[in-house]
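Inspection log for the structure reproduced underneath, given as structure tokens.
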2 protein chains.
Amino acid sequence: MGTSLEIENRSLHDQVVSRVRDLIIEGALEPGARIDEADLIQRLGVSRTPFREALRTLAAEGLVIVRPSRGSTVRKLTREDVKSMLEVLGHLEQLAGELACARASEDEVAALVDLHNQMMKHYLARDRMPYYKLNQEFHSRLTALSKNGSLQEMQSNLQARLKRIRYIGNEKPEYWAGAVADHETMVAALKKRDGKALGEAMATHIRNTWDRVKDSI
Amino acid sequence: MGTSLEIENRSLHDQVVSRVRDLIIEGALEPGARIDEADLIQRLGVSRTPFREALRTLAAEGLVIVRPSRGSTVRKLTREDVKSMLEVLGHLEQLAGELACARASEDEVAALVDLHNQMMKHYLARDRMPYYKLNQEFHSRLTALSKNGSLQEMQSNLQARLKRIRYIGNEKPEYWAGAVADHETMVAALKKRDGKALGEAMATHIRNTWDRVKDSI
DNA sequence: TACTTTATACTTGTATACAAAATACATGAT
DNA sequence: ATCATGTATTTTGTATACAAGTATAAAGTA
């Protein structure tokens, strides 16, 4: 994923898409806010044509709403949106967990366990940001071990849409501890290659995520 | 879904997207084929700007591949693509089945059973086309009964991508009979509101779909 | 003949200009 | 004062022109 090989020849379109996506995910563009074309194309230094194409891509990804003749806004997720997305994400990661146990190589499992150990270090040091980032990567990479491209695509789309909300919702210390416990269970199951158990653990983990974030929406 | 209320004020963008999408799904534009901008904008009577925006939407939906500076092609699904999509679709519809049993109203169940009965009539008359169309609708509407918008969105995206291949693959009579048997099982479980059973039946049905289509890819 | 190189045509990408629609504002009637 | 109506301003949508890149074909070289 994060290798720099295929990133070299990024088209302007891709660049604009990911820059605007980042602005949305990081909250520089607030949910529900109007997207000011004139302002953004200025800031990004591109003209309207590629910018609007990027908006169409982001709209299809579900991050932006385009209302004909009345401009675009950053999609604002309702409680129901988040709940339904997490319901699906949990189910997808359950499948990912099952498949990963069946299909991952020993090395791949070892690499993921390493990542997990790093996360634990950050947890012990209470470094929220690096933990959060590795956590995203953990879920992405575990999903990748399913060797199912379509699953990865959908997982990553949902993860991107929910990124902001999950970050906000994870603030209380007891919540964090709960998430860490979930991860310990998951890694144990992965080591044992117990697909059913890992799947269950993933699903439970995401159900818990809902409990963690639901009050901050 | 199919109500005409929200369709009234369709923007040009939406129209172009769905017309090109139909051309792809119906096979008028063959998988792997180059998309000739000049030709298509002529045929659709629009200019390049809205057409290219539509291509970006279709690319994000996974129906079109845009290679920078060298044009767009209709995405051609590999065996692996189809297999992984069906793996995910089966899992999603399993969830849909479980949720539908828990959340659908009596009327909604009755309406779906009606639809099923119509399908059976077409099967007995061996009218493939109307059966096929109702089948798509059956899966969409059952998924809608999950009352999970995100799930519907992903199901409908996968269904669209696979539409053509599933149509091609369903030609042998014994395959058709098998699909019909699956549907009988599904409807029986839905009537009993047995979520686990319906979920299982849906998953099995889609696994069988792979067996039905795999040799025609 | 095979392999470069170079010129040409064609396709794609981006910017901009113009048209259409929507919003904001002001004026006047009730 | 409130609402309606008409006008101005801003924003969005589409077409087109130009620039940049890619593929094609022709000519030259080994």
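Each chain gets a letter, A, B and so on, in the order the sequences are listed, and its residues count up from 1.
The side-chain tip of A:Arg166 does not point at the ring of A:Tyr132 from less than 6.0 angstrom away and within 45° of straight on. A cation-pi contact, defined as under 6.0 Å to the ring centre and within 45° of the axis, links B:Arg126 to B:Tyr123.
Per the geometry, CZ belonging to B:Arg34 stands 9 Å off P belonging to D:dA23, to the nearest Å. The separation between A:Asp36 atom CG and D:dT12 atom C1' is 12 Å, rounded to whole Å. Here D:dT12 presents its P atom at 10 Å from CD1 of A:Ile35, a figure rounded to the nearest Å. Distance B:Ile65 CD1 to C:dT12 P: 15 Å, rounded to the nearest Å.
Position along DNA chain C of the nearest nucleotide to A:Arg67 versus B:Arg67 favours B:Arg67 as the more 5'-ward residue.
Between B:His91 and the choices A:Gln94, A:Glu98, A:His91, the side chain to side chain donor-acceptor pair (under 3.5 Å) rule is met once, by A:His91.
Using modelled atom types, one side-chain atom of A:Glu108 and one backbone atom of A:Ser105 make a donor-acceptor pair closer than 3.5 Å.
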B:Gln159 vs B:His139, side chain to side chain donor-acceptor pair (under 3.5 Å): CA-CA, chis, key distance, verdict: CA-CA 9 Å; B:Gln159 183 165 267; B:His139 284 270; 5.3 Å; no

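Ionic pairing of A:Glu61 and B:Arg56 is not present here: no N-O contact between side-chain nitrogen and carboxylate oxygen is shorter than 4.0 angstrom.
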Report, as a single string ordered 5' to 3', how protein heavy atoms within less than 4.0 Å touch nucleotides 14-20 of chain D: B base, S sugar-phosphate only, - not at all. BBBB---

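Proximity of B:Arg70 to the phosphate of C:dT11: no side-chain N or O atom is located under 4.0 Å from OP1 or OP2.
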